[in-house]
Trainee: 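For reference, the structure I am asking about is given below.
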Amino acid sequence: VQLQAFGGGLVQAGGSLRLSCAASGRTFSSYAMGWFRQAPGKEREFVAAISWSGGSTYYADSVKGRFTISRDNAKNTVYLQMNSLKPEDTAVYYCAAGLLGITVVGPEYDYWGQGTLVTVSS
């Protein structure tokens with residue numbers, strides 16, 4: 001599975017962005033998908049995850065109520081809708097695919113995209 005994340009950019013605090021992660025391969029629907037982020041000088045952290053069917057989701061406390069993860073298995077794409085963005089959301093966002101189901105642990109994902117930069121100005 002190859003993953004490509006896009007949709008990042010510069011947005012003012014309080015604004016919204018939607019990230020997309022397009023996957024290649026016919027087995028996309030077998031994978032749970034996750035979004036992680038890494039801010040400058042900080043470790044990578046979990047943001048959100050969704051089960052292979054889309055029926056289950058899980059969020060980091062820092063984004064709960066503001067971000068929504070979803071997927072369209074017909075389009076081999078997972079999305080991260082980000083609302084009410086804050087300067088502390090500034091980071092490179094990565095999508096990941098894994099067969100173990102929803103997990104917040106980065107190494108448990110099998111494939112990673114290249115990342116897309118989100119910058120939130122105050």
Side-chain angles (χ1 to χ4, degrees):
V1 176
Q2 290 186 322
L3 304 174
Q4 184 171 3
F6 54 95
L10 174 64
V11 64
Q12 289 188 332
S16 298
L17 278 176
R18 187 176 82 157
L19 304 184
S20 300
C21 175
S24 64
R26 291 175 287 181
T27 60
F28 173 77
S29 60
S30 299
Y31 290 85
M33 299 295 297
W35 285 98
F36 289 74
R37 67 187 181 186
Q38 187 167 19
K42 295 187 177 181
E43 294 186 352
R44 183 179 62 192
E45 65 174 359
F46 169 78
V47 175
I50 189 167
S51 62
W52 66 270
S53 67
S56 297
T57 58
Y58 188 76
Y59 298 92
D61 287 343
S62 59
V63 306
K64 200 174 297 182
R66 300 187 298 121
F67 291 10
T68 302
I69 188 171
S70 62
R71 66 189 296 161
D72 185 339
N73 285 344
K75 295 183 178 179
N76 280 12
T77 302
V78 63
Y79 305 98
L80 186 68
Q81 178 66 43
M82 305 186 295
N83 298 329
S84 302
L85 283 161
K86 305 175 181 180
E88 52 263 43
D89 295 318
T90 295
V92 176
Y93 284 71
Y94 299 89
C95 58
L99 288 173
L100 292 180
I102 289 181
T103 174
V104 304
V105 181
E108 293 184 352
Y109 287 86
D110 303 297
Y111 302 98
W112 291 81
Q114 85 290 358
T116 184
L117 176 62
V118 173
T119 304
V120 184
S121 63
S122 57

Trainee: Locate the shortest heavy-atom distance separating Ser70 from Val78; write the atom from each residue and the value.
Mentor: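 Residues Ser70 and Val78, closest heavy atoms: O-CG2, 3.0 Å.
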Trainee: Which heavy atom in Ser122 sits nearest to a heavy atom in Pro87, and how many Å separate them?
Mentor: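 Smallest interatomic distance, heavy atoms only, reads CB-CG, 3.8 Å.
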Trainee: Using the rule that two of Ile, Leu, Val, Met, Phe, Trp, Tyr join whenever any of their side-chain heavy atoms come within less than 4.5 Å, decide whether Val63 and Trp35 are in one cluster.
Mentor: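 Yes, Val63 and Trp35 fall within the same hydrophobic cluster.
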Trainee: How long is the gap from OG on Ser51 to CD1 on Ile69, to the nearest 0.5 Å?
Mentor: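 Ser51 atom OG to Ile69 atom CD1 measures 9.5 Å (nearest 0.5 Å).
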Trainee: Is a side-chain donor or acceptor of Ser24 paired with a backbone partner of Gln2 at a separation under 3.5 angstrom?
Mentor: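 Side chain of Ser24 to backbone of Gln2: a pair is present.
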Trainee: Look at the side-chain heavy atoms of Ile, Leu, Val, Met, Phe, Trp and Tyr, link any pair under 4.5 Å apart, and say whether Ile50 and Leu99 land in one connected group.
Mentor: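 The answer is yes; both residues are in one hydrophobic cluster.
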Trainee: Is there a side chain to side chain contact (heavy atoms under 4.5 Å, CB included) between Asp72 and Tyr79? Walk through the geometry before answering.
Mentor: CA-CA 8 Å; Asp72 185 339; Tyr79 305 98; 4.1 Å; yes
Trainee: Given side chains that start at C-beta, do those of Met82 and Val118 come closer than 4.5 Å, heavy atoms only?
Mentor: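 Sidechains of Val118 and Met82: in contact.
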Trainee: Walk me through whether Leu85 and Phe67 qualify under side chain to side chain contact (heavy atoms under 4.5 Å, CB included).
Mentor: CA-CA 9 Å; Leu85 283 161; Phe67 291 10; 3.8 Å; yes
Trainee: Using the rule that two of Ile, Leu, Val, Met, Phe, Trp, Tyr join whenever any of their side-chain heavy atoms come within less than 4.5 Å, decide whether Val11 and Tyr93 are in one cluster.
Mentor: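 Same hydrophobic cluster.
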Trainee: When you measure from the side chain of Arg71 to the backbone N and O of Gly54, does any donor-acceptor pair fall under 3.5 Å?
Mentor: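 No: the side chain of Arg71 does not pair with the backbone of Gly54.
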Trainee: Can you establish whether the number of heavy atoms outside Lys64 located under 6.0 Å from its atom NZ is more than 12?
Mentor: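 Counting neighbours around NZ of Lys64, more than 12 heavy atoms of other residues, nucleotides or ligands fall under 6.0 Å, so yes.
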Trainee: With rounding to the nearest 0.5 Å, note down the distance linking CG in Asn73 to OG1 in Thr27.
Mentor: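 Reported to 0.5 Å precision, the distance equals 11.0 Å.
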Trainee: Assigning hydrophobic clusters by single linkage (Ile, Leu, Val, Met, Phe, Trp, Tyr; side-chain heavy-atom cutoff under 4.5 Å), is Tyr109 placed with Tyr59?
Mentor: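 No: no chain of side-chain contacts under 4.5 Å links Tyr109 to Tyr59.
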Trainee: Quick check: closest heavy atoms across Ala48 and Leu80, and the distance to 0.1 Å?
Mentor: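 Heavy-atom minimum between the residues: CB-CD1, 4.2 Å.
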Trainee: If you compare all heavy atoms of Leu17 against all heavy atoms of Gly7, which two are closest, and at what distance to 0.1 Å?
Mentor: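 Heavy-atom minimum between the residues: CD2-O, 3.9 Å.
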Trainee: Can you check side chain to side chain contact (heavy atoms under 4.5 Å, CB included) on Leu3 and Met33, steps first, answer last?
Mentor: CA-CA 10 Å; Leu3 304 174; Met33 299 295 297; 4.0 Å; yes
Trainee: If I take atom CG from residue Leu10 and atom OG1 from residue Thr90, how far apart are they, to the nearest 0.5 angstrom?
Mentor: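 Spacing of CG (Leu10) from OG1 (Thr90) equals 8.5 Å.
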Trainee: Starting at CD of Gln38, measure out to CD of Glu43 and round the result to the nearest 0.5 Å.
Mentor: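 So the gap between those two atoms works out to 8.0 Å.
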Trainee: Nearest 0.5 Å, please: how far is CG in Asn76 from OH in Tyr31?
Mentor: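 That separation rounds to 11.5 Å.
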Trainee: CZ of Arg37 to OG1 of Thr116: how many Å apart, nearest 0.5 Å?
Mentor: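 Arg37 atom CZ to Thr116 atom OG1 measures 14.0 Å (nearest 0.5 Å).
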Trainee: Following the transitive rule for hydrophobic clusters with a side-chain heavy-atom cut-off under 4.5 Å over Ile, Leu, Val, Met, Phe, Trp and Tyr, establish whether Tyr94 and Tyr58 coincide in one cluster.
Mentor: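 Linked, Tyr94 and Tyr58 end up in one cluster.
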Trainee: Does Trp52 have any ring pair (Phe, Tyr, Trp, His ring centres under 6.0 Å) partners at least two apart in sequence or in another chain, and if so, which?
Mentor: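 Expected list: none.
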